[in-house]
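Below is one structure, written out as structure tokens; comments come after it.
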Amino acid sequence: MPIGVLNCKIGMGKTFDIGLERLTGGSEFSIGSAINTVHRGGSRNEGSAAHAGARTEASGLEAIRGALRGTFFLETFGCQMNDHDSEKVAGVLLSRGYTQVESPDSASLILYNTCSIREKAAQKVFSRLGEFGLTENTGRIIGVLGCVAQQEGEEIFKRAPWVSLVCGSASYSKLPELLAQVEAGNQRVTGLDTDTDETFETEITRRDNPWRAYLTIIEGCDKACSYCVVPYTRGPERSRASDSILREVRQLADLGYSEVQLLGQTVNSYKDPTPRKMRFSELLLAVADAAGIRRVRFTTSHPSDFTEDIVDAIDLQPKLCNHVHLPVQSGSTRVLRAMQRTYSREEYLQKIRMIRGAKRAISITTDIIVGFPGETQEDLAETLSLLDAVKYDNMFSFKYSPRPHTPSLAMSDLISEEEKSRRLALLQEKQREIQTARHLTMVGENFELLVSGKSRRENQWSGHTSCHRVINFSSQEQALLGKYVQVQVTGATPNSLLGEQAL
Ligand code: 5AD
Ligand code: SF4
């Protein structure tokens, strides 16, 4: 069955890009979040007394349901994988005749696609759900999708009895049938299996960004990092067939997408399940070969599976973006061992040397966790010195957050929140210095940008380089969105680059 693609303008007014444009500011970063998150307006403050009377008002309820029938509101938390899952969920709903709306108040079906990578993210959904104690009274159906759904399972029904659908990310391939059960009036529908070997492919995907398309090529994770809940919430690694990926890429190109971003928790661990047995680097080259595709990105790479043929492919094919996101997590081999990261500091640095040895300059970004149980001042000093050694183009840094179902939950030598904050600030200050110096060297350089944002200010635009930097630039030209333009960098701050369109 061919995979259809539908564009939808909801959320289009925002900056499209995610994560990497948010540099080392003062707070924690989570990757992703902006792209198709539909932000809700106004708060809802109805009290629980009305909830008690809900069952006696069935006919009123039916009337409200009838008025709102067929509309859905979908809010997404977390990473690009979640953003893209939401695009697919929206596709499934649109194919069932639903219309997407921008506020839960005007929706008959309200879905939260949740993230549980850190505690703060997981808490968000319960605060959202807390606002819906009146659901029965308002006649809406509420569903919780994604990692919190997988993690908490049927507990969600206990904490928020007004929820009627709980579906974990590992069970999305069953989503159409689960939705059919919800539509049929079933009050407690769950999809919580993790033993599926299927990936989530849909006939229609509603993509938010009209120029860049996300494409999941591998789902789940077979690594076992001791702090990480993903293997539990997303299940084991499943790679998508290369022919199916390439077919979708060609369709995307025909529809006018010029940039594709291949996604996976460990994207470079891709193992083609077909007899063709394409290597990840071969897949990258084949995707870049599709007529109309100008840029190919991939994220997130695991250092242990980052092999030289990937660097060779980037060198060979300019359409492959010169950017690698290679999370290190810690600069201390001792902590890496405790994290079960499968490489040492030295082995990681060896991968960096390999990437730096490429003919093209490849930008490198990373994720780092501070305050892992037992992390000493010496361990932290090693992480700081790793920043000096690598000189990352960008960094996402997090305070360690204990997660359910993870081995590190049982570890002792916990670091206080205050100390974690202190370490995070030190790390971010160092990265800020590195980035400031790097940005200054870029003044005067020319870059090709894919224009993806228009400022409210006259003649001001923004776009991305192949190396995944955002440049805000001025141009006298009109209608630049989606176009590729040459821009000269004219100014720099630690967190942003300014430029002018080069003539
Ligand atoms: N605590 C803090 N950060 C975490 N990450 C994953 N699990 C945790 C956790 N328990 C970070 C890692 C990962 C990024 C997506 O989130 O750095 O690369
Ligand atoms: Fe989590 Fe480690 Fe898998 Fe990344 S590689 S998703 S950090 S278990």
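First listed ligand is number 1; within each ligand, the first listed atom is number 1.
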What atoms of ligand 1 come within less than 4.0 Å of a heavy atom belonging to [X]?
| X | value |
| --- | --- |
| Gln329 | 12 (C), 13 (C), 17 (O), 18 (O) |
| Arg118 | 1 (N), 2 (C), 3 (N), 4 (C), 5 (N), 11 (C), 16 (O) |
| Lys399 | 1 (N), 2 (C) |
| Arg403 | 10 (N) |

> Is atom 3 (Fe) of ligand 2 less than 2.8 Å from an N/O/S atom of Cys221, whether that atom is in the backbone or a side chain?
Replying inline: yes

>> For the aromatic rings, using the six-membered ring if either is Trp, is the centroid distance between Phe298 and Phe280 under 6.0 Å?
In response: yes

Contacting atoms of ligand 2, where contact means under 4.0 angstrom from a heavy atom of [X]:
| X | result |
| --- | --- |
| His302 | 5 (S) |
| Thr266 | 5 (S) |
| Arg341 | 2 (Fe), 5 (S), 7 (S) |
| Pro231 | 8 (S) |

Is the [X] ring parallel, tilted or perpendicular to the [Y] ring (thresholds 30°, 60°)?
| X | Y | value |
| --- | --- | --- |
| Tyr343 | Tyr348 | tilted |
| Phe396 | His325 | perpendicular |
| Phe372 | Tyr400 | perpendicular |

> What distance separates Ile352 CD1 from Glu347 CD, expressed to the nearest 0.5 Å?
Replying inline: 13.0 Å

> Are Arg118 and Phe398 in a cation-pi setup, meaning NZ or CZ lies under 6.0 angstrom from the ring centre and within 45 degrees of the ring axis?
Replying inline: yes

>> For Asp309, is there any backbone N or O sitting under 3.5 Å from a side-chain donor or acceptor partner on Arg279?
In response: no

How far apart are the closest heavy atoms of [X] and [Y], and which atoms are they?
| X | Y | answer |
| --- | --- | --- |
| Ser171 | Asp193 | OG-O, 2.8 Å |
| Gly374 | Arg334 | O-NH2, 2.8 Å |
| Asn472 | Ser462 | OD1-CB, 3.2 Å |

Tell me the protein heavy atom at minimum distance from [atom], and give that distance in Å.
| atom | result |
| --- | --- |
| atom 2 (Fe) of ligand 2 | Cys225 SG, 2.3 Å |
| atom 1 (Fe) of ligand 2 | Cys228 SG, 2.3 Å |
| atom 7 (S) of ligand 2 | Tyr227 OH, 3.3 Å |

> With a 4.0 Å heavy-atom cut-off (strictly under), which part of Ile369 contacts ligand 1: side chain, backbone, both or neither?
Replying inline: side chain

> What part of Phe398, side chain from CB on, backbone N/CA/C/O, both or neither, has a heavy atom under 4.0 Å from ligand 1?
Replying inline: side chain

> Any N or O of Ser401 that comes nearer than 3.5 Å to an N or O of ligand 1?
Replying inline: yes

